[in-house]
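Here is the structure we will look at.
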Amino acid sequence: MELRGQTLILTGASRGIGRALALELARAGANLVLNARSEEALEQVTREVQGLGVQARAVVGDAAQDATAQFAVKAAKVIGGFAGFIHNAGVLHPGPRLWELSEAEFDQVFATHVKAGFLLAKYAFPNLRRQGSGIAVFVGSGAAHHPRVGWGAYGAAKAAEHYLAFNLAQEAPEITTLVYSPGTVDTEMQRQGRAAKGEIAQMFQGFQREGRLIQPEETAAALVRILAGEPRRFHGKIATYNDA
Ligand SMILES: NC(=O)C1=CN([C@@H]2O[C@H](COP(=O)(O)OP(=O)(O)OC[C@H]3O[C@@H](n4cnc5c(N)ncnc54)[C@H](O)[C@@H]3O)[C@@H](O)[C@H]2O)C=CC1
Ligand SMILES: O=C(O)c1cccc(O)c1O
């Protein structure tokens, strides 16, 4: 897929994998609508992306709010060449067993991974279908298939997010829709995992001790290689960091 001149929406762009993806996509020539909740960090990433010579627009807000998704699609259409989205925003809340999470934490995890994915599809897919093509990437996780003490809501939300992607792939075959599983990546989410209480912290500490963490730049480059190549081979499937 040619990325130059195409406009993509990217959620969770203020740090970690999202920030690295924004920069790598810009290097590949893509214009970007960047979303995150923290205005200062997002504006900073947006300036860095613009410095790479592409058009970029920051949309500050919760990706799980209807207005955020609606505005992001509008902003992408104003830039022109709207080609789709990468839903990367995520939150883990590591540590508590499922029944120890607050209702607000549970809702936040499902809203960020699942509802935000639904809203992006709700506003992007009708446009992309009219154009007859597009790309939708859901940043997924091995957690969707591997129950562990201390990440129950997260894993359940990731499983639901994967399912949204697989179902959309059937509902809109003309839009290439895939899950990207980024590997175990050295980000704030990993740091929160290591600092958590209970068994999950040992797992995350082990990732670091065993040298299993990859850098956000590596996993971003791998996804952009997939997108710039033949993303269609992963339609309705999970592409992993190693596939690139
Ligand atoms: N770091 C890892 O080892 C792995 C990460 N992932 C997934 O990769 C994605 C990115 O994670 P990381 O960069 O590691 O995490 P991170 O915590 O460093 O960054 C998450 C990003 O999402 C944003 N965000 C969170 N809630 C949001 C909301 N409601 N609306 C808009 N933005 C929101 C944050 O502001 C931040 O920009 C997530 O979907 C995560 O589940 C999947 C597998 C492994
Ligand atoms: O599988 C992992 O290593 C992992 C770690 C943190 C967060 C995740 O989603 C993961 O899948």
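Indexing begins at 1, ligand by ligand and atom by atom, following the structure's order.
Side-chain contact of Tyr123 with Asp66: a donor-acceptor pair under 3.5 Å is present, judged by distance alone. The closest side-chain donor-acceptor pair between Arg47 and Gln44 falls under 3.5 angstrom. Side-chain atoms of Thr176 and His235 form no donor-acceptor pair, as typed in the model, at a separation below 3.5 Å.
Not a single heavy atom of Thr11 lies less than 4.0 angstrom from ligand 1. Look at Phe207 and you'll find every heavy atom at least 4.0 Å from all atoms of ligand 1. Not a single heavy atom of Gly193 lies less than 4.0 angstrom from ligand 1. Distances from ligand 2 to the non-hydrogen atoms of Gln190 include at least one value under 4.0 Å. Heavy-atom separations between Gly193 and ligand 2 are all 4.0 Å or longer. Residue contacts with ligand 1 leave out Ala111, since none of its heavy atoms falls under 4.0 Å from the ligand.
Within ligand 1, the atoms closer than 4.0 Å to a non-hydrogen atom of Lys158 are 39 (O), 41 (O), numbered from 1 in the order shown. If you number the atoms of ligand 1 from 1 as listed, the ones under 4.0 Å from a heavy atom of Gly16 come out as 13 (O), 18 (O). Each of the atoms 3 (O) of ligand 1 lies under 4.0 Å from some heavy atom of Thr184. Of all the atoms in ligand 1, the ones that sit under 4.0 Å from a non-hydrogen atom of Glu188 are 18 (O). Using a 4.0 Å cut-off to heavy atoms of Asp62, the atoms of ligand 1 that qualify are 28 (C), 29 (N), 30 (N). Listed by atom number, the atoms of ligand 1 under 4.0 Å from Gly61 heavy atoms are 30 (N), 31 (C). Distances below 4.0 Å separate heavy atoms of Arg15 from the following atoms of ligand 1: 16 (P), 17 (O), 18 (O), 19 (O), 36 (C), 37 (O). Within ligand 1, counting atoms from 1 as listed, the ones closer than 4.0 Å to a heavy atom of Gly140 are 42 (C), 43 (C).
Using a 4.0 Å cut-off between heavy atoms, His113 contacts ligand 1 through its side chain alone, with no backbone atom that close. By the criterion of a heavy-atom distance under 4.0 Å, the side chain of Gln190, and not its backbone, is placed next to ligand 1. By the criterion of a heavy-atom distance under 4.0 Å, both the backbone and the side chain of Val185 are placed next to ligand 1. If you look at Asp186 next to ligand 1, there are no close heavy atoms at all, none under 4.0 Å.
Across Leu10, Val139, Leu213, heavy-atom proximity to atom 8 (O) of ligand 1 is greatest for Val139. Closest to atom 35 (O) of ligand 1 by heavy atom, among Gly142, Gly183, Ser14, is Ser14. Of the listed residues (Arg191, Met189, His87), the one carrying the non-hydrogen atom nearest atom 11 (O) of ligand 1 is Met189. Scanning Ala41, Ala89, Ala13 for the heavy atom closest to atom 33 (C) of ligand 1 points to Ala89.
Not one N or O of Trp151 is nearer than 3.5 Å to an N or O of ligand 2, by distance alone. Any N or O atom pair closer than 3.5 Å counts here, and Arg212 shares no such pair with ligand 2. Residue contacts with ligand 1: Pro182 is placed with no nitrogen or oxygen under 3.5 Å of a nitrogen or oxygen of the ligand (distance criterion only).
Ring centers of His145 and His162: under 6.0 Å apart, within the cut-off.
Looking only at protein heavy atoms, the nearest one to atom 27 (C) of ligand 1 is Arg37 NE, 3.4 Å.
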